[in-house]
Amino acid sequence: MTAIVDVRGIKKIYGHGNTEVRALDGVDFQVQPGEFVAVMGPSGSGKSTCMNIVGCLDPPSAGRYHFCGLDIARFNRDELAMLRRHYLAFVFQSFNLIPRTTALENVALPLVYQGVKPAERNARALRALASVGIAERADHTPSELSGGQQQRVAIARALVTEPTLLLADEPTGNLDTATTEEVLHLLKQLNHERDLTILLVTHEPEVALHTQRVLWFVDGKLVNDGTPDEVLS
């Protein structure tokens, strides 16, 4: 089985000489299809840098990254944009919804960039909203939604393109405990029912316990890789 994510010897270096910072320093790991993986570590450990490289937002300084068997180093800027548009999806702590547009319009937006016709993209956006249990709020703007509802819209927007990999960066960071549990239950359900591969950055052990595997970073190095019970005990 070809890994979704396969990074070998990845380094990310900023600055030179005395100002050099090794945000990542020789990292190796794979993520297999259908895995739900948490990326953890203290501030400055390299977890966000790692996610940016996996999400094709930032190139490594050294090492190699293969996505579904494809060598990302061979992709030009336009090809990377195409990869992000069709195969990768992102969910952020701050939701990043467009304020004056409805939930349906927010979810349909990635399909606009894919050139999908209006009738089809609206139908697909409504199905995506239904899949996260919020179809009845399709005509509401973000200001008319709770934080948990906004994050569900953001997840629906990520799902509407039927991505191969979902990258979630602190997706529960702005949510209360009860809403956090709802969002994590939704992500677990999507992982299980759709076999959706998820890579999730978090600093909260309670969040990581919902995943299948934890990658623990310290000072740019991957120092632990195992089940939540193994890594967090």
Side-chain angles (χ1 to χ4, degrees), residues 4-5 36 48 51-59 67-68 70 72 75-175 179-180 182-191 193-202:
I4 300 293
V5 174
F36 188 1
S48 293
M51 288 285 278
N52 286 340
I53 289 173
V54 170
C56 299
L57 299 171
D58 199 14
F67 177 78
C68 295
L70 302 173
I72 296 305
F75 282 48
N76 62 33
R77 181 177 297 180
D78 289 341
E79 290 168 337
L80 288 173
M82 181 276 297
L83 187 70
R84 290 192 298 269
R85 194 157 54 239
H86 291 272
Y87 299 98
L88 299 169
F90 302 85
V91 176
F92 302 98
Q93 177 178 341
S94 57
F95 315 141
N96 290 348
L97 301 177
I98 301 173
R100 295 182 178 84
T101 60
T102 66
L104 184 69
E105 291 166 333
N106 268 283
V107 173
L109 186 60
L111 301 177
V112 175
Y113 297 127
Q114 288 188 356
V116 177
K117 294 181 179 179
E120 181 184 348
R121 66 177 181 246
N122 286 339
R124 287 173 61 179
L126 191 58
R127 287 198 298 270
L129 285 168
S131 74
V132 299
I134 200 171
E136 74 282 359
R137 298 283 183 171
D139 61 348
H140 288 61
T141 62
S143 64
E144 298 171 321
L145 302 173
S146 69
Q149 290 170 335
Q150 290 184 62
Q151 192 60 293
R152 284 176 180 264
V153 173
I155 293 170
R157 181 182 57 192
L159 295 175
V160 77
T161 59
E162 300 180 354
T164 302
L165 176 64
L166 176 64
L167 298 164
D169 192 355
E170 300 280 5
T172 61
N174 285 335
L175 305 177
T179 309
T180 291
E182 291 177 6
V183 169
L184 291 171
H185 175 75
L186 173 60
L187 291 175
K188 288 173 69 175
Q189 184 179 9
L190 293 167
N191 169 252
E193 294 182 356
R194 295 194 178 196
D195 206 28
L196 178 63
T197 308
I198 303 174
L199 201 59
L200 179 151
V201 168
T202 183

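What's counted below: heavy atoms across the whole structure, side chains too, no hydrogens, waters or symmetry copies. Computed from a predicted structure; not experimentally measured.
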Student: Could you grab the distance from atom CG of Leu165 to atom CD1 of Ile198, nearest 0.5 Å is fine?
Tutor: 9.0 Å
Student: Answer yes or no: is there a side-chain heavy-atom contact under 4.5 Å between Ile72 and Leu83?
Tutor: yes
Student: Looking only at atom types and distance, does a side-chain atom of Glu105 sit under 3.5 Å from a main-chain N or O of Thr102, one as donor and one as acceptor?
Tutor: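 Yes; judged by distance alone, with no hydrogens or angles, the pair exists.
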Student: Nearest 0.5 angstrom please: His140 NE2 to Leu145 CG, how far?
Tutor: 7.0 Å
Student: Tell me, yes or no, whether the heavy-atom count around Phe92 atom CZ, taken from other residues, nucleotides or ligands under 6.0 Å, exceeds 12.
Tutor: yes
Student: To check you understand the geometry: which heavy-atom pair defines the closest contact between Asn174 and Ser94, and what is its length?
Tutor: ND2-CA, 3.9 Å
Student: With side-chain contact (heavy atoms from CB on, under 4.5 Å) as the criterion, how do Ser143 and Arg100 come out once you've worked through the C-alpha distance, each side chain's angles and the decisive distance to 0.1 Å?
Tutor: CA-CA 8 Å; Ser143 64; Arg100 295 182 178 84; over 6 Å; no
Student: With rounding to the nearest 0.5 Å, note down the distance linking CG in Leu159 to OG in Ser131.
Tutor: 5.0 Å
Student: To the closest 0.5 Å, what do you measure between CD (Glu162) and CZ (Arg194)?
Tutor: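 Result: 7.0 Å between the selected atoms.
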Student: Is there a donor-acceptor pair under 3.5 Å between the side chain of Glu144 and the backbone N or O of Thr141?
Tutor: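 Indeed, once roles are kept as given, a pair shorter than 3.5 Å links the two residues.
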Student: Check whether any side-chain N or O of Arg121 sits under 3.5 Å from a backbone N or O of Val116 as a donor-acceptor pair, and report yes or no.
Tutor: yes
Student: State the CD-OG distance between Glu170 and Ser48, to the nearest 0.5 angstrom.
Tutor: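 One finds 7.5 Å between CD of Glu170 and OG of Ser48.
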Student: Just by distance, do the side chain of Asn191 and the backbone of Leu196 share a donor-acceptor pair under 3.5 Å?
Tutor: yes
Student: For the residue pair Thr101 and Asn106, confirm or rule out a side-chain donor-acceptor distance under 3.5 Å.
Tutor: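 Looking only at side-chain atoms, Asn106 and Thr101 do form a donor-acceptor pair, the distance falling under 3.5 Å.
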Student: Quick one: do Arg85 and Thr161 satisfy side-chain contact (heavy atoms from CB on, under 4.5 Å)? Show the steps, please.
Tutor: CA-CA 8 Å; Arg85 194 157 54 239; Thr161 59; over 6 Å; no
Student: Are the side chains of Phe90 and Asn96 in touch, meaning some heavy atoms are under 4.5 Å apart?
Tutor: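 With C-beta onward as the side chain, the pair stays apart.
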Student: Below 4.5 Å, heavy atoms only, C-beta onward: do Pro59 and Ile53 meet side chain to side chain?
Tutor: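 When only atoms from C-beta onward are counted, Ile53 and Pro59 do not touch, as no gap falls below 4.5 Å.
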Student: Taking salt bridge (Lys or Arg N to Asp or Glu O under 4.0 Å) as the definition, give me every residue that meets it alongside Glu120, ordered by chain and number, with sequence neighbours left out.
Tutor: Arg124
Student: Shortest non-hydrogen contact from Met51 to Val201?
Tutor: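 Closest heavy-atom pair between Met51 and Val201: CG-CG2, 3.0 Å.
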Student: Are any of the side-chain heavy atoms of Pro142 and Val153 separated by less than 4.5 Å?
Tutor: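 Of all side-chain heavy-atom pairs linking Val153 with Pro142, none is under 4.5 Å.
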Student: Indicate yes or no for a side-chain donor-acceptor contact from Gln149 to the backbone of Ser146 under 3.5 Å, with no hydrogens or angles considered.
Tutor: yes
Student: Determine whether Val91 and Arg157 satisfy the following criterion, side-chain contact (heavy atoms from CB on, under 4.5 Å), listing intermediate values before the conclusion.
Tutor: CA-CA 9 Å; Val91 176; Arg157 181 182 57 192; over 6 Å; no
Student: Using modelled atom types and a 3.5 Å cut-off, is there a donor and acceptor pairing between side-chain atoms of Arg152 and backbone atoms of Ile134?
Tutor: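 Between the backbone of Ile134 and the side chain of Arg152 there is no qualifying donor-acceptor contact (under 3.5 Å).
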Student: Go through the steps to decide whether Arg84 and Leu80 satisfy the test side-chain contact (heavy atoms from CB on, under 4.5 Å), and finish with yes or no.
Tutor: CA-CA 6 Å; Arg84 290 192 298 269; Leu80 288 173; 3.8 Å; yes
Student: What is the minimum heavy-atom distance between Gly147 and Phe95, and which atoms define it?
Tutor: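 Shortest heavy-atom contact: O-CZ, 3.5 Å.
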Student: Roughly how far, to the nearest 0.5 Å, is CD1 of Ile4 from OG1 of Thr197?
Tutor: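 Rounded to the nearest 0.5 Å, the OG1-CD1 separation comes out at 4.5 Å.
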Student: Can you name the closest pair of heavy atoms from Leu88 and Gly55 and give their distance?
Tutor: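 Scanning both residues completely, I find the closest heavy atoms to be CD1-O, 3.6 Å.
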Student: Decide yes or no for Leu104 and Asp139: does some side-chain heavy atom of the first lie under 4.5 Å from some side-chain heavy atom of the second?
Tutor: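 Leu104 vs Asp139: side chains apart.
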Student: Does the side chain of Leu70 reach to within under 4.5 Å of the side chain of Phe75, using non-hydrogen atoms?
Tutor: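 Heavy-atom side-chain distance check passes, below 4.5 Å.
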Student: Is the backbone of Leu175 close enough, under 3.5 Å, to the side chain of Thr172 for a donor and an acceptor to pair up by distance?
Tutor: no
Student: Please tell me if the side chains of Leu190 and Ile155 come closer than 4.5 Å, counting only heavy atoms from C-beta onward.
Tutor: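 They are in side-chain contact.
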